Amino acid sequence: MKLSSLLRTTALPVALTLSMAAAQAQSGTSPTLTGFVPAHQAAQVKLETEFKTKQSSAAFKNHLEKLSSVPHITGTKENEQVRDYIAETMRKAGWQVDIYPHDVLLPKGPGEIAVELVEPIRQPLNIREFLFKEDKYSSDPRLTPGYNAWSGSGDVTAEVVYANYGRKEDFEQLKAMGISVKGKIVLARYGGNFRGYKAQFAQADGALGVIIFTDPADSGYMRGLTFPEGPYYSESVIQRGSLLTTPYTGDPLTPGEAALPMEAKNTPKRLDQNAVGLHKIPVTPLPYGSATEILKRMTGTKSVPAGWQGGLPYTYRLEGGKDLKVRLMVKQEKTIQRIYQVVGTLTGAEFPDEWIIAGCHYDAWSYGATDPNSGTAMLLSMTESMGKLAKAGQRPRRTIKVCHWDAEEPGVIGSAEWSEQFRDELTQKAVAYMNYDAAVSGRTFGASASPSMKKLIIEATQSVQYPDSNKTVFQHWMGHKAAGNPTRVTGSSAPAMVVGEPTIGNLGGGSDHIAPYMHIGIPALSAGMEGPTLYHSQYDDLYFYDKFADPTYKMGPMMEQVVGTMTLRLANADLVPYDIARYPADLEVHLKAAEKAIQAYAPTYSISPLLSAVADMKKNADACEMARQNYLKTGRTDKLVELNKELRMLERSFIDPKGNAFGGWYKSLYASSDPNSGYASWMLPGLLYEASLKSTANLPDLEARYKKAIQTLSDKLLVLSQGMGAPASIGSGK
């Protein structure tokens, strides 16, 4: 970077702060600060203004380069060096740093992989990305072939069946068309669901192996220029990724218990690896340049149904025919390995036992420049900015924890183990969990959240300027919808929409919010800047970032301002700034969606008893919000510890000891990942799972459990409103 550019980018945050202040002065407005008494609002605005002078594009870029200059897969010495850099940076910034080791079962790298045509010709197929002279990172000898963690081991030669995206409905459609995958190798394209379910469904139907490829229709030349000329998948780009599909998240051998080091006195008894239900058949990813060698030789007489044709220049067929045989060989060893969670703590000055938690994993499939380490670099910069405030005597009222997770890529393992280790403390103390995986991957803001966190996101983005514009991040967000990643992010329960607001999605699977939100019941959000991605490929490097993700390096400081604003407001508010009114509003949307799903096979079903319970709860929610506003307007600061504890317990109303039928580890009745697709979100998962089975047998029990959760939340809201001084007659009562 030229010196003049460096000076401009370093000065960026000050310019942002001044322009925001000027805009507010011109409009006569002041930031909306939910949860603060009037006497504390001015001090908070002043603190946020000062915080927004601390960011630096140069600092963000420096962290990103330090984190992403070498490949660092979990379990490698390079990943331990990244761990040490994270810990050292936070310590220098004045944070207390603790490192928590866990011993978990993991694959020992890719192992041995081979894919080749056997008939009608012998031809080995490429399993590695190309070297490009313009991308110096592409030739690092530590880069691995493309592989799927948790593949079974085997060496099979068989005919081929094409299964579209390998979704549950795709395998059902194959059966309906009289196509069997038994004894065959399944060829499926990425997208539509989590890759592990492609393998699970194929194995269940008797397939001998699975090959997964990225189709150019989903992320390749049909979408735009390909790498290195453009940001889309070129013929050798391979999406790596985990296949783990246990009915719980975390270490496969210690479900529900923290996988403490083997030598620890209280280390849990581990399950036998053979009893866990890991995939037994070989599975591997291919680039579309290799997949085309199979597809163009398929001679089956049945062409594919509508929607199954991809972007390669051949008519896609369901069967390869007897004259086409492919060999697939994978030998992948699994063993117990040590992983490390790095947690920085800035202890609260007034309420040390109330925890605001932000997190992002640090392990990567290769360099991780966008995924995940753009988020890591942003959080490190934030710890430095907040450390400066703390050293100047401006310590947060509540404790802030910034967590850097290990072993997310092989199955969201590190965050789950830490959450299990501190489950009881988190249940009592955690105010919010905010996930920033790959949070600075582009130039378009997007977010997903539990209901109570939505207003926080909106208000924070309204107070931060979008670089090189006269718009706030919120205004830019309203005008630019984040596209997401077509090879990963899939359909889900529809988000609850509000007129005049951008779409805030539902939290599904695939990242480190799972255990805090779906196992423990901590209000959660995931937010970040989205853009083009070569997801899980070796080209997620600094060359790609500098050319396609954000050549300006202004998004890192801007995202830090958004994240820092949310963190500081949660940490300093008198009453935790949850969006209480969102609970009944969102519940009504999701209950009606569940009713519609059940009515598809049980037309007379009605969910009106639960909707009636939500209508009653709405009265208490409205009364609670009114009581909170009155409490704050009058400047009261009595009973804050008691009231905030009651606020923290609201989300826990949906935590059910029995858990969900598809996996008892998923305790939340409100949200889970879709157990048939992995990435997608299921809102009210108990009801949606019953609907997926086209069953009514468990509906009476589920309705009783949901009614209990809704009533528990309603009762808590009533107690809260009365605790803040509302008359006993306000609300619906019991």
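Remember, it's a predicted structure, so these values are computed and weren't measured experimentally.
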>> Regarding Asp579 and Ser452, do their side chains bring together a donor and an acceptor under 3.5 Å, going by distance alone?
In response: no
>> Could you check whether Arg83 pairs with Asp406 (Lys NZ or Arg NE/NH1/NH2 to Asp/Glu carboxylate O, under 4.0 Å)?
In response: no
> NZ of Lys645: more than 12 outside heavy atoms within 6.0 angstrom?
Replying inline: no
>> With rounding to the nearest 0.5 angstrom, report the CG to OG distance, Asn506 to Ser526.
In response: 12.0 Å
>> Less than 4.5 Å apart, side chain to side chain, heavy atoms only: is that true for Leu380 and Leu67?
In response: yes
> So, Lys454 and Asp586, do they make that salt bridge, N to O below 4.0 Å?
Replying inline: yes
>> I want to check something: taking the side chain as every heavy atom from C-beta on, are His63 and Thr376 in contact at a cut-off of under 4.5 Å?
In response: no
> Are the charged groups of Glu48 and Arg569 less than 4.0 angstrom apart, N to O?
Replying inline: yes
>> Test of understanding: with side-chain hydrogen bond (donor to acceptor under 3.5 Å, both in side chains), list the residues that count as partners of Lys401, not counting sequence neighbours.
In response: Thr345
> Quick one: does Leu720's side chain get under 4.5 Å of Leu650's, heavy atoms only?
Replying inline: yes
> Side chains of Ile520 and Ser419: does their closest heavy-atom pair fall under 4.5 Å?
Replying inline: yes
> Do the side-chain N and O atoms of Glu420 and Trp665 include a donor-acceptor pair separated by under 3.5 angstrom?
Replying inline: yes
> For Glu651 and Tyr583, does a side-chain donor sit closer than 3.5 Å to a side-chain acceptor?
Replying inline: yes
>> Assess whether a salt bridge exists between Arg628 and Glu625, defined as any Lys/Arg side-chain N lying under 4.0 Å from an Asp/Glu carboxylate O.
In response: yes
> Between the side chains of Asp574 and His40, is a donor N or O closer than 3.5 angstrom to an acceptor N or O?
Replying inline: yes
>> Less than 4.5 Å apart, side chain to side chain, heavy atoms only: is that true for Lys716 and Ser653?
In response: yes
>> For a quick check under 3.5 Å, do Thr712 and Asp715 share a side-chain donor-acceptor pair by atom type?
In response: no
> Using the benzene-type ring in the case of Trp, are the ring centres of Phe445 and Trp477 under 6.0 Å apart?
Replying inline: yes
>> Tell me whether Lys618 at atom NZ has more than 12 heavy atoms from other residues, nucleotides or ligands lying less than 6.0 Å away.
In response: no
> Going by distance alone, is a donor N or O of one side chain under 3.5 Å from an acceptor N or O of the other, for His102 and Gln421?
Replying inline: yes
> Are Glu88 and Lys92 within salt-bridge range, i.e. N to O under 4.0 Å?
Replying inline: yes
> Any side-chain donor paired with an acceptor under 3.5 Å for Asp512 and Ser415?
Replying inline: yes
> Taking atom types as modelled and ignoring hydrogens, do the side chains of Thr249 and Tyr666 form a donor-acceptor contact shorter than 3.5 angstrom?
Replying inline: yes
> Does any donor atom in the side chain of Ser242 or Glu409 lie under 3.5 Å from an acceptor atom in the other side chain?
Replying inline: no
> Is a salt bridge present between Glu501 and Arg582, judged by a nitrogen-to-oxygen distance below 4.0 Å?
Replying inline: yes
>> Out of the candidates Lys429, Arg397, Arg398, only one should pair with Asp353 under the salt bridge (Lys or Arg N to Asp or Glu O under 4.0 Å) rule; please name it.
In response: Lys429
> Side-chain contact, heavy-atom cut-off 4.5 Å: Lys667 with Asp656?
Replying inline: no
> What do the steps show when you test Tyr545 against Tyr553 for ring pair (Phe, Tyr, Trp, His ring centres under 6.0 Å), and what is the final call?
Replying inline: CA-CA 9 Å; Tyr545 195 94; Tyr553 286 89; 5.4 Å; yes
> Does a donor on one side chain and an acceptor on the other come within less than 3.5 Å for Asn644 and Glu642?
Replying inline: no
>> Under a plain distance cut-off of 3.5 Å, with no hydrogens placed, do Glu560 and Ser385 share a side-chain donor-acceptor pair?
In response: yes
> Is any side-chain heavy atom of Thr565 less than 4.5 Å from a side-chain heavy atom of Val464?
Replying inline: yes
> According to the interplanar angle, ranging from 0 to 90°, do the rings of Trp418 and Trp405 count as parallel (below 30°), tilted (30 to 60°) or perpendicular (above 60°)?
Replying inline: tilted
